[in-house]
Amino acid sequence: MDPMSQFRSEAKSAAEEAFRSMGVEAAFDIETPSTGIADLAIPCFPLAKVLRKAPVAIAQEAAGKLPAMKLVSRAWAENGYLNFNVDKAALAASTVRAVLGEGPDYGRGQDKPEKVLLEHTSVNPTGPIHVGRARNPIIGDTLARCMRACGYDVTTEYLVNDVGKQVVLLAWGLEHIDPSEVDAVDRDKADHRLVPFYRKANQMMEADSEVAKQVADMLVRFEAGDAEVIDTVRRTASMMLDGIVQSLKAINVQIDRFTWESDFIKNGVARQVVEELSKCAVCREDKGALYLDLEGCGIHGRGTKFFFTRSDGTTLYTTRDIAYHLNKFGRADRAINILGEDQKLGQAQLANALRFLGKDRAPECIFYSFVSLPEGRMSTRKGVVVYLDDLIEEAEERAMEEVRKRRDDLPEEKMKEIARNIGRGAVRYNIVRVQPEKQLVFKWEEAMNFEGNSAPFVQYAHARACSILRKAGDFDRSADPSVLTNDYEAKLIKELARFPSVIEEAGEKARIHLLPVYCHDVASAFNQFYTYVPVLKGEEMKNARLALVEATRIVLANALNTLGLSAPEEM
RNA sequence: GCACACGUGGCCUAGUCUGGAUAUGGCAGCAGCCUCCUAAGCUGCAGGUCGGGGGUUCGAAUCCCUCCGUGUGCGCCA
């Protein structure tokens, strides 16, 4: 339930009545001013043309014609706006009761019939995930959580690229290179352990034409559907994937299902795509290789020639991706992809190909810009790289230092647990904080931000609320919340009342960065309340305030959970 | 070169979709606040040509054009 909706609808119907008496039936917006001038506002500027009057005069006249309202405490005209303040006591009562009544479900939307398949991460299993790509799982997992909170049935999926030269080369390396010949790695984790084999195999292939021939041969057998080669390569990819999945688990990213790209070669669907596409009117041939001429399809440059086979007839990555999308469409009503901005052309080609195959559906894509380092673009080969594992480890270590500083009363294990929650949370928070399309330069001091607009700030507010509730013990939850009307209480309640609409916008419009902002606003309002309003020593206000503290605790926990962060009870 | 995206105080960022009230927060800086529910907190101060220019509009950070800067793409790679 959205505690604000009743206030909104009362203001709206009152304004409708006022405008009707002035002779207009026109639709109008009702907004929530960010400046805090009013709780709700109707800009009268769009009505100026219809009424042929100045907005200021319209607002003035409408304000005089508003009927009596029960939930609005004040309505007035100002600068061409018709402003409303909601009744503080009424909002307090409906908000606190809604939050306490719904608990973990407060903020959730109605269940939606659509089944959503959200593909994210899908990084090539040729090395550990680095922070340049780390935006992908974090955005994907957070969006999945937001959409679930909105009421969608969401499945997250990872497409494992176990096809192509890169993985084949790695598989070759594991079979032919003696472990004693490669450099040791400092991290005992499958994905990191395989890196030196990959590097060495790359060097050997460049230096030795015999190696290059063996790899090429393996690739041909793979493309021909040789089950033995496919299995070898898949086993290699699988080892790498284990390590990647471990890293994802560390930051609480859950993948529901893995799809293996080689399956589309094995089951012949990629082949069927080739056959269907080759019947298209825009299909052309160049030295045996087939392509779609996408001239005039909104694509520029050489990308208008979308090749879907090589001259030897084998398929290309996007061809298999088309097969994958046909498969997705059979399983879900909506397909959402989280992709790096380098995939834009490929996705445009894919969308066109799907159209030529007679599908009126296309995946909804969210593209993110790459994270670079101050010294430039990340590159595993050049050694200019920060792995996600490094980031997580460093974050936990720095969090541990902070915990040690303030909580040396706790046992070591408890301190570690808190540090884990804080460090990992900070990593996620600092990435979803900024919109996906913004370029990001990775800086340790920003990624490790533990104060201000950060995960620990929000988690700390939650821990503080828990601490009060712990000390309070049992209390009277039926106390009337309408007494909560001082400035700090009112401000906090307004924030709590906003949660359902924030969830809705974050999930429906894929604007997940609104959630960290919201968390910060709630935590900040609570910290002010905490500083100036006594709860346990609140005398006759004690029970009502405890109910507000509990409501805040619930909202913070729900919001943190939607961000994939833990809500620690102490820190 | 062509295409797509991004540019908001020293640094990071909201607001841009859907034009509207004094442009949101944070970091760093300065000055305060712990006999009182956890100071990872609170309060105050200082800091802005919303990349530049032009246009549309009663009104532009927001829409259009142009220029500049940054990123990405323009493989029979994945």
Side-chain angles (χ1 to χ4, degrees), chain A residues 29 31 33-35 37-38 41 43-46 48-49 54-55 78-81 83 122 124 126 161 163-167 261 286-291 298-305 307-314 316-318 320-321 340-346 348 367 369-370 372 377 399 402-403 405-407 422 430 433-435 437-441 443 445-446 449-461 463-472 509 511 513-514 516-517 520-521 523-524 526-528 530-538 545-546 549 570-571:
Chain A
D29 291 332
E31 53 189 46
S34 56
T35 42
I37 294 170
C44 297
F45 306 91
K49 274 215 173 88
E78 191 178 334
N79 294 332
Y81 286 84
N83 288 333
S122 300
N124 289 348
T126 49
N161 165 246
V163 180
K165 205 171 181 177
Q166 304 300 309
V167 257
E261 202 181 316
D286 182 11
K287 295 172 200 137
L290 298 175
Y291 68 91
I299 292 171
H300 303 265
R302 268 168 283 181
T304 52
K305 281 189 181 181
F307 281 90
F308 60 95
T309 73
R310 298 193 180 87
S311 25
D312 63 4
T314 55
L316 292 151
Y317 166 76
T318 315
R320 296 178 305 261
D321 204 20
E341 60 177 333
D342 56 336
Q343 304 290 319
K344 278 185 186 172
L345 175 62
F367 297 102
S369 295
F370 286 117
S372 58
R377 192 176 171 165
E402 300 296 317
V403 176
K405 259 190 243 165
R406 16 194 144 217
R407 298 303 302 274
I422 291 168
N430 289 323
R433 239 185 70 220
V434 335
Q435 295 181 31
E437 59 270 23
K438 301 263 187 186
Q439 296 161 24
L440 216 57
V441 178
K443 294 185 189 111
E445 61 272 27
E446 278 166 24
N449 178 26
F450 287 168
E451 51 190 0
N453 190 4
S454 74
F457 179 92
V458 182
Q459 290 170 318
Y460 183 61
R464 277 177 142 183
C466 287
S467 173
I468 292 179
L469 293 167
R470 204 162 40 235
K471 291 203 162 110
K509 295 182 178 172
R511 290 158 63 82
H513 66 285
L514 292 178
V517 173
H520 179 261
D521 289 345
S524 180
F526 178 71
N527 280 333
Q528 288 164 32
Y530 182 96
T531 303
Y532 297 105
V533 183
V535 177
L536 296 175
K537 291 181 181 169
R545 284 181 184 157
L546 278 168
V549 172
E570 59 178 324
M571 38 188 293

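Quick note on labels: first sequence line is chain A, next is B, and so on, each numbered from 1. What you see below is based on every heavy atom in this structure, not just the backbone, and it leaves out hydrogens, waters and symmetry mates.
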Quick one: which protein N/O atoms are closer than 3.5 Å to N/O atoms of nucleotides 1-5 of chain B? Pair and distance per line, please.
from, atom 1, to, atom 2, distance (Å)
C4(B), O2', K344(A), NZ, 3.2
A5(B), O4', K344(A), NZ, 3.4

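- For E78(A), the side-chain hydrogen bond (donor to acceptor under 3.5 Å, both in side chains) partners are W76(A), not counting sequence neighbours.
- To the nearest whole angstrom, the two C1' atoms, one in C30(B) and one in U22(B), are 25 Å apart.
- Checking K509(A) against Q435(A), the closest nucleotide of RNA chain B that is more toward the 5' end is the one next to Q435(A).
- Residue V533(A) is in base contact, counting any heavy-atom pair closer than 4.0 Å across all strands shown.
- If you check every strand for non-hydrogen atoms under 4.0 Å, R377(A) touches sugar and phosphate atoms only.
- Rounded to the nearest Å, the gap between the C1' atom of C11(B) and that of U16(B) is 22 Å.
- Comparing the P positions of C65(B) and U72(B) gives an interatomic distance of 25 Å, to the nearest angstrom.
- Where D521(A) and D312(A) each meet RNA chain B at their nearest nucleotide, the meeting point lying more 5' is that of D521(A).
- Rounded to whole Å, the C1' atom of C45(B) lies 29 Å from the corresponding atom of G7(B).
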Quick one: which protein N/O atoms are closer than 3.5 Å to N/O atoms of nucleotides 59-68 of chain B? Pair and distance per line, please.
none

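- Partners of T314(A) by side-chain hydrogen bond (donor to acceptor under 3.5 Å, both in side chains), not counting sequence neighbours, listed by chain and number: R310(A), D312(A).
- The side-chain contact (heavy atoms from CB on, under 4.5 Å) search around V434(A) returns R135(A), K438(A), L440(A), not counting sequence neighbours.
- Taking only distance into account, the side chain of S311(A) meets the base of C76(B) through a donor-acceptor pair shorter than 3.5 Å.
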Which atoms of nucleotides 29-35 of chain B (N or O only) lie under 3.5 Å from a protein N or O atom, and what are those distances?
none

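- A distance of about 49 Å separates the P atoms of G19(B) and C34(B), rounded to the whole Å.
- In this structure, of C37(B), A28(B), A78(B), it is C37(B) that holds the atom nearest to the side chain of I468(A).
- A46(B) and G26(B) have their C1' atoms separated by 16 Å, with the value rounded to a whole Å.
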